[in-house]
Enquirer: 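Okay, handing you the structure first.
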Amino acid sequence: SLARSSRSSCVLAIFSMALRSIFVYCVPFNPFIGHYSTEKERWEEVFLVRRGEIVYNGNQNRNHRERNWKTMVIGIIGAGASGMAAAIHAAQKEETEVLLLERQARVGRKLQATGNGRCNLSNLHALEGGYHGEEPDFPAFALNAFPPEKTRGWFRSLGLLTVAEPSGRVYPFSDQANSVVDVLRFALDRPNIRLAAGAEVTRVKRFGERFRLETGEETFVCDKLIVACGGLAGTKLGGGMSGYQILRSLGHHSTKLRPTLVQLKTDWPAVSSLKGVRAECRGEILRDGQLWAKSAGEIQFTEYGLSGPMIFEMSRDVCREKGNWECVLDLLPVLSQEELQGALKARRATNLPNGEILTGVLHNRLGRVLVQSCGLPLLGRAAELTDGELQELAEKVKGFSLHLTEPMGMDSAQVTAGGIVTGEFDPTTMESKLVPGLYACGEVLDVDGDCGGYNLQWAWSSGALAGNSAGGIK
């Protein structure tokens, strides 16, 4: 009787163990999901003991690779430029698991739209300055650790060829932003990187030495966290407040956010008639007659005002303070005013109407608008213009002034000025000084650069530094 009872107990025990084995080994689960009530439960589910060896219980498509039980999980919020750079660098150690969360359906959406689809991905002069914020020198360490030439070499290792223009601007050789996004997307296809697109992190909680990330549908747990959500600019392409909100919830502070690299509005009534007209010129922005900023390059007239690289370059904080703001344009910088007046006087020998006196010199529409702004009838004859009228027209071409009212909003801006206070982060690691294991990179911080590839260089440099630091890579 005792023998039968003992045999029955053994059979039941073996049957129970078999059921438990089937449940533990066959039910797929996500090792990142933080549904454990205790640390012991997490350890027991993620790591299984077999024949005295600790085996990592990864999901099915990873073939249960053997892992050290001290595997580290790095969570990254945001799969834009800096987030993808951070993920690729953090994943260099095979024993590190990287979880990349992106709230949009695909990665690099803003990146795909930069540079009118060309993607000005760096600038060879980025180490010389061109960055702004309460601490303009904060980016220096990251930029020197991962400078433009090293960035180009990194992209080449990923399969992207680049070309540098005489101005220092760096573009993909294909001249397509898609190429940049594609090579980054391919580089993310690694066994130890999990990309979760369409996963918007709504809440982050610190518990113990880890972070719990809530998306509404799932909860993820990571040992270290990199916030790379980007800024508020370009709301139509995915810009938002989430990065600022997450970091504030963890104790960080933010400076005032405002648009930069943005179009400027004017109240000049005729500007809409020039919509789409482009010109190479020099420009100055004045506040109460005092020089605020100056630049040279292409300008584009819009329905509401002024756009183009030259305007973006000068747009930071324009109209933020009270005053009389104006933009003064030299629409023909290749000629002096005296040379232009001489050329206009020569046209008095023709039978041209006033509306065509600047034809061949400026865009036809722009030339006619300038003639009208001087009070000259378009159908009048150039032969009848006085020296004084020609001088006034030459002065208008060389110093065309437009009153500015305000910048366009964040939805039109390329970059956000302001952001999370950089003094709360270590510039040599991008790690928070307030929360150990927390990192930030890219536009979410109070760093913005000049137009021409400076902001993307900051994204690559800061993302690489954050990823290397979080991953323990020297």
Side-chain angles (χ1 to χ4, degrees), residues 74 76 78-94 96 98 100 102 106-131 139-193 195 226 228 230 414 430 441-443 447 449-474:
I74 298 176
I76 302 175
S82 65
M84 288 190 283
I88 294 166
H89 283 84
Q92 292 176 80
K93 288 185 177 180
E94 290 186 359
T96 299
V98 175
L100 181 58
E102 169 56 44
R106 61 183 188 273
V107 302
R109 190 177 171 203
K110 283 180 71 174
L111 184 60
Q112 214 158 7
T114 59
N116 291 321
R118 296 180 62 205
C119 191
N120 180 191
L121 59 90
S122 182
N123 194 298
L124 299 182
H125 305 298
L127 298 183
E128 301 168 14
Y131 291 93
F141 186 92
L143 292 168
N144 280 282
F146 200 68
E149 283 301 343
K150 191 171 182 178
T151 301
R152 295 182 71 187
W154 177 62
F155 271 112
R156 189 180 183 93
S157 73
L158 299 182
L160 182 79
L161 298 181
T162 61
V163 60
E165 295 184 342
S167 64
R169 298 184 182 209
V170 178
Y171 291 90
F173 189 79
S174 66
D175 223 23
Q176 290 186 317
N178 284 347
S179 299
V180 181
V181 177
D182 284 343
V183 297
L184 292 170
R185 184 166 52 83
F186 298 154
L188 292 173
D189 187 16
R190 298 179 55 140
N192 62 333
I193 297 179
L195 171 62
I226 301 174
Q414 294 189 13
M430 306 308 293
C441 56
E443 192 180 337
V447 176
D450 290 345
C451 184
Y454 289 83
N455 289 287
L456 276 179
Q457 181 59 56
W458 165 242
W460 312 129
S461 297
S462 61
L465 181 56
N468 286 336
S469 300
I473 299 161
K474 302 298 184 182

Enquirer: Distance-only, no hydrogens or angles: does the S122 side chain make a donor-acceptor pair with backbone N or O of Q457 under 3.5 Å?
Expert: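 Here the side-chain-to-backbone pair does not exist.
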Enquirer: CZ/R190 to CD/E94 distance, rounded to the nearest 0.5 angstrom?
Expert: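 Here the interatomic distance stands at 7.5 Å.
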Enquirer: Do you know which two heavy atoms are closest between F141 and L465, and how far apart they sit?
Expert: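 Scanning both residues, the minimum pair turns out to be CD2-CD2, 4.0 Å.
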Enquirer: Can you measure from SG (C119) to CG (L456) and round to the nearest 0.5 angstrom?
Expert: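 C119 atom SG to L456 atom CG measures 5.5 Å (nearest 0.5 Å).
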Enquirer: Could you measure the distance from the OG1 atom of T96 to the CD1 atom of I74? Nearest 0.5 Å is fine.
Expert: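 Atom-to-atom, T96:OG1 and I74:CD1 are 5.0 Å apart.
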Enquirer: Hey, is R185 close enough to E102 for a salt bridge, meaning N to O under 4.0 Å?
Expert: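 The answer is no: the pair does not qualify as a salt bridge.
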Enquirer: Does any pair with a residue in residues 156-193 pass ring pair (Phe, Tyr, Trp, His ring centres under 6.0 Å), and if so which ones, sequence neighbours excluded?
Expert: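 Non-adjacent pairs meeting ring pair (Phe, Tyr, Trp, His ring centres under 6.0 Å): zero.
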Enquirer: Rounded to the nearest 0.5 Å, how far does SG of C441 lie from CE of M430?
Expert: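 Separation between the atoms: 6.5 Å.
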Enquirer: Could you tabulate the donor-acceptor pairs under 3.5 Å formed by side-chain atoms of residues 154-164, not counting sequence neighbours?
Expert:
unit_1 : atom_1 : unit_2 : atom_2 : d
S157   : OG     : W154   : O      : 2.5
T162   : OG1    : R152   : NE     : 2.8
T162   : OG1    : R152   : NH2    : 3.4

Enquirer: Going from CG on D182 to CD on Q112, what distance comes out if it is rounded to the nearest 0.5 angstrom?
Expert: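 Answer for the CG-CD pair, D182 versus Q112, is 7.5 Å.
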Enquirer: So, for L188 and A87, which heavy atoms are closest and what is the spacing to 0.1 Å?
Expert: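 The answer is CD2-CB, 3.9 Å.
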Enquirer: Work out which heavy atom in G449 is nearest to a heavy atom in N455; give both atom names and the distance.
Expert: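 Of all heavy-atom pairs spanning G449 and N455, the closest is N-OD1, 2.6 Å.
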